[in-house]
Amino acid sequence: MLYTLAGGGTLCGVASLVLLIVSTATDFWMHYRYSGSSANQGLWRFCINRKCHAHTITVAFWDATRAFMLLSILSCFTGVVLGLSTFANGTSRRVRSAGIALTVSAFLALLAVAIYTGVTVNFFGKKYLDWRFSWSYILAWVAIILAFAAGNAVVGDERERIF
């Protein structure tokens with residue numbers, strides 16, 4: 001029972017890490033119609049009729065979203081490594097650090113998705129009439145929920161050991 005929450009939290013952290021990597025790397029954050037053709041975009045490229053191109057303009061919100069997502073991935077990776085290392089040498093400081101790193105990862109991803117959402121709704125929502133968020137964006141939200149759950153589970157296990 002001692003490592004049950006830490007193990008579950010680490011498992012949620014691994015799932016969150018995979019989802020963060022997939023959502024950051026794929027090109028399906030937004031789906032829309034462009035001149036009658038199906039189009040989608042991600043953080044790195046946009047695709048029209050399955051022909052993809054790199055973003056040619058540098059827009060601050062893409063850079064901010066990319067940066068926060070990459071920092072979130074690094075923080076989540078750190079939390080997972082610390083969470084796994086608690087099974088070898090379970091110090092309370094390492095457990096607490098894992099929980100904090102996973103929670104920080106969730107906050108960074110939340111910030112990235114909030115920036116992307118605000119700009120997409122206010123700018124692209126007016127530019128394209130037929131648009132919607134796509135599966136990469138949804139994976140980012142699921143990763144945020146899992147990272148928050150992982151951070152709380154790992155810290156909750158550490159609290160259980162104290163009392």
Side-chain angles (χ1 to χ4, degrees), residues 3-32 39-47 52-87 93-128 131-159:
Y3 290 109
T4 305
L5 285 174
T10 303
L11 183 63
C12 279
V14 169
S16 178
L17 179 62
V18 169
L19 292 178
L20 283 170
I21 291 170
V22 169
S23 71
T24 302
T26 54
D27 299 324
F28 294 93
W29 280 59
M30 185 177 110
H31 185 80
Y32 56 97
N40 57 285
Q41 74 175 13
L43 299 179
W44 312 98
R45 305 183 306 173
F46 67 96
C47 304
C52 297
H53 310 279
H55 289 295
T56 54
I57 57 172
T58 302
V59 181
F61 90 93
W62 273 321
D63 292 339
T65 305
R66 290 177 196 147
F68 285 125
M69 287 300 286
L70 291 174
L71 288 172
S72 176
I73 290 170
L74 288 174
S75 180
C76 191
F77 179 75
T78 302
V80 167
V81 168
L82 287 170
L84 290 174
S85 71
T86 60
F87 294 106
R93 188 173 5 157
R94 206 174 275 177
V95 173
R96 189 179 312 118
S97 298
I100 290 169
L102 289 167
T103 304
V104 166
S105 171
F107 277 119
L108 289 169
L110 181 64
L111 188 57
V113 171
I115 291 169
Y116 188 85
T117 303
V119 172
T120 300
V121 169
N122 289 323
F123 178 69
F124 291 115
K126 295 175 184 172
K127 186 175 180 182
Y128 305 110
W131 69 275
R132 61 183 163 82
F133 292 113
S134 195
W135 61 267
S136 296
Y137 176 83
I138 295 166
L139 284 182
W141 276 108
V142 173
I144 291 167
I145 293 167
L146 286 173
F148 270 127
N152 286 332
V154 171
V155 171
D157 183 50
E158 201 260 327
R159 271 189 244 128

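In what follows, every heavy atom counts, from backbone to side chain, and hydrogens, waters and symmetry copies are set aside. Just so it is clear, the model here is predicted, and its values are computed rather than measured.
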Should the ring pair Tyr137 and Trp29 be called parallel, tilted or perpendicular, given that the plane angle runs from 0 to 90° and is split at 30 and 60?
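Aromatic pair Tyr137/Trp29 classed perpendicular.
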
Which of parallel (below 30°), tilted (30 to 60°) and perpendicular (above 60°) describes Phe148 and Phe107?
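It falls in the perpendicular class, over 60°.
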
For the side chain of [X] and the backbone of [Y], is there at least one donor-acceptor N/O pair under 3.5 Å apart?
{"X": "His53", "Y": "Cys47", "answer": "no"}
{"X": "Ser16", "Y": "Ala143", "answer": "yes"}
{"X": "Thr86", "Y": "Gly83", "answer": "yes"}
{"X": "Thr120", "Y": "Thr117", "answer": "no"}

What residues, two or more places apart in sequence or in another chain, satisfy side chain to side chain donor-acceptor pair (under 3.5 Å) together with Ser105?
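In terms of side chain to side chain donor-acceptor pair (under 3.5 Å), with neighbours along the sequence ignored, Ser105 is linked to Ser72.
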
Side chains of [X] and [Y] in contact at under 4.5 Å (non-hydrogen atoms):
{"X": "Ser85", "Y": "Arg94", "answer": "yes"}
{"X": "Phe28", "Y": "Gln41", "answer": "no"}
{"X": "Arg45", "Y": "Cys52", "answer": "yes"}
{"X": "Leu74", "Y": "Phe77", "answer": "no"}

Disulfide bond (SG atoms under 2.5 Å apart) contacts in which one or both residues fall within residues 54-87, not counting sequence neighbours
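For residues 54-87: none.
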
Test ring-ring contact (aromatic ring centres under 6.0 Å, His included) on Trp44 and His55; report intermediate values, then the result.
CA-CA 6 Å; Trp44 312 98; His55 289 295; 8.9 Å; no

Spatial distance of atom [atom1] ([X]) from atom [atom2] ([Y]) [nearest 0.5 Å]:
{"X": "Cys12", "Y": "Leu17", "atom1": "SG", "atom2": "CG", "answer": "12.5 Å"}
{"X": "Ile73", "Y": "Thr24", "atom1": "CD1", "atom2": "OG1", "answer": "3.5 Å"}
{"X": "Leu146", "Y": "Leu139", "atom1": "CG", "atom2": "CG", "answer": "10.5 Å"}
{"X": "Asn40", "Y": "Arg132", "atom1": "CG", "atom2": "CZ", "answer": "9.5 Å"}
{"X": "Asn122", "Y": "Phe61", "atom1": "CG", "atom2": "CZ", "answer": "11.0 Å"}

Apply side chain to side chain contact (heavy atoms under 4.5 Å, CB included) to the pair Phe68 and Ile115, showing each step before the final yes or no.
CA-CA 10 Å; Phe68 285 125; Ile115 291 169; 3.7 Å; yes

Just checking Trp135 against Phe133, ring centres under 6.0 Å apart?
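They do not qualify: ring centres at least 6.0 Å apart.
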
